Peer 1: 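Provided herewith is a single structure, encoded as structure tokens, for subsequent inquiry.
This is a predicted model, so every value here is computed, not measured.
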Amino acid sequence: MAKSRLVGAKVNARGELVELKFHNQNYRDMAPAELASAVMDVITQARQKMADHVCEIYSPLVPEGLDVNEAMNGELDTRAMFERMGIPLPPQ
């Protein structure tokens, strides 16, 4: 929910927007750029909150040394992960 309580957003576990709700009619008096900014802010907040929740749930289930945030963001270095786990890999 935006600080102004104007708009709320819900996302699924993949961060996809599933609901956008205007809580009153005040958006009608906003400049387009101001409304767009409020909508983008609330969606960003919802995505971050869901990402934090997913990381919290999955963290106990992943191997030690695996950063769930890196995995979710596509930044996971699998080679480094396997090496930390003591699994030898062939040279690149």
Side-chain angles (χ1 to χ4, degrees):
M1 173 119 31
K3 288 182 181 178
S4 65
R5 302 191 59 82
L6 166 73
V7 61
K10 288 184 182 178
V11 299
N12 62 21
R14 295 190 316 212
E16 298 168 333
L17 183 66
V18 295
E19 182 179 300
L20 184 66
K21 189 182 275 187
F22 292 93
H23 300 291
N24 55 48
Q25 301 294 315
N26 293 349
Y27 69 91
R28 294 175 186 256
D29 298 325
M30 296 175 76
E34 184 182 12
L35 177 58
S37 178
V39 170
M40 292 303 295
D41 287 348
V42 77
I43 292 171
T44 299
Q45 291 170 15
R47 285 182 172 154
Q48 186 59 56
K49 184 176 178 182
M50 181 57 76
D52 293 345
H53 183 66
V54 169
C55 286
E56 180 182 327
I57 290 171
Y58 280 99
S59 288
L61 305 175
V62 299
E64 187 175 327
L66 176 69
D67 185 324
V68 178
N69 284 313
E70 286 180 359
M72 287 181 55
N73 293 330
E75 300 168 352
L76 180 64
D77 181 347
T78 53
R79 176 169 284 281
M81 178 192 71
F82 284 118
E83 289 172 355
R84 283 192 305 268
M85 294 170 63
I87 299 172
L89 297 174
Q92 291 185 12

Peer 1: Considering all heavy atoms of both residues, which atom of Tyr27 and which atom of Leu35 are nearest to each other, and what is their separation?
Peer 2: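 Minimum heavy-atom contact is CB-CD1, 3.8 Å.
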Peer 1: Under a single-linkage definition using a 4.5 Å side-chain heavy-atom cutoff for Ile, Leu, Val, Met, Phe, Trp and Tyr, are Phe22 and Val18 assigned to the same hydrophobic cluster?
Peer 2: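 As far as the 4.5 Å side-chain criterion goes, Val18 and Phe22 are not connected within one cluster.
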Peer 1: Can you sort out the partners of Glu83 under salt bridge (charged side-chain N to carboxylate O under 4.0 Å, His left out), two or more places apart, ordered by chain and number?
Peer 2: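 Here the qualifying residues are Arg79.
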Peer 1: Restricting to non-hydrogen atoms, name the atom on Ala46 and the atom on Ala9 that form the minimum distance, rounded to 0.1 Å.
Peer 2: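 For Ala46 versus Ala9, the nearest heavy atoms are CB-O, 3.7 Å.
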Peer 1: Okay, side chain of Ser59, backbone of Cys55: is any donor-acceptor separation there less than 3.5 Å?
Peer 2: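 Checking the backbone N and O of Cys55 against the side chain of Ser59, a donor-acceptor pair under 3.5 Å is found.
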Peer 1: How far does CD of Gln25 sit from CG of Leu6, to the nearest 0.5 angstrom?
Peer 2: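 Nearest 0.5 Å value for the CD-CG distance: 10.0 Å.
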Peer 1: Can you list everything that forms a side chain to side chain contact (heavy atoms under 4.5 Å, CB included) with Ile57? Sequence neighbours excluded, please.
Peer 2: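 Ile57 satisfies side chain to side chain contact (heavy atoms under 4.5 Å, CB included) with His53 once adjacent residues are dropped.
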Peer 1: Less than 3.5 Å apart, any donor N or O on the side chain of Asp41 or Gln45 sitting next to an acceptor on the other?
Peer 2: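 No, Gln45 and Asp41 have no side-chain donor paired with an acceptor closer than 3.5 Å.
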Peer 1: How far does CE of Met72 sit from CG of Asp67, to the nearest 0.5 angstrom?
Peer 2: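 Met72 CE to Asp67 CG: 10.5 Å, rounded to 0.5 Å.
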Peer 1: Met40 and Met30: same hydrophobic cluster, using ILVMFWY side-chain contacts below 4.5 Å?
Peer 2: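 No, Met40 and Met30 fall in different hydrophobic clusters.
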Peer 1: How far does CZ of Arg5 sit from CG of Asn24, to the nearest 0.5 angstrom?
Peer 2: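 Nearest 0.5 Å value for the CZ-CG distance: 10.0 Å.
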Peer 1: Shortest non-hydrogen contact from Val7 to Ala38?
Peer 2: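 Of all heavy-atom pairs spanning Val7 and Ala38, the closest is CG1-O, 3.9 Å.
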Peer 1: Starting at CD1 of Ile43, measure out to CG of Leu17 and round the result to the nearest 0.5 Å.
Peer 2: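 Output value for this atom pair is 4.5 Å.
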Peer 1: Looking at every heavy atom in both Met50 and Asn12, which two are closest together, and how far apart are they?
Peer 2: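 Looking at all heavy atoms of both residues, the shortest contact is CG-O, 3.3 Å.
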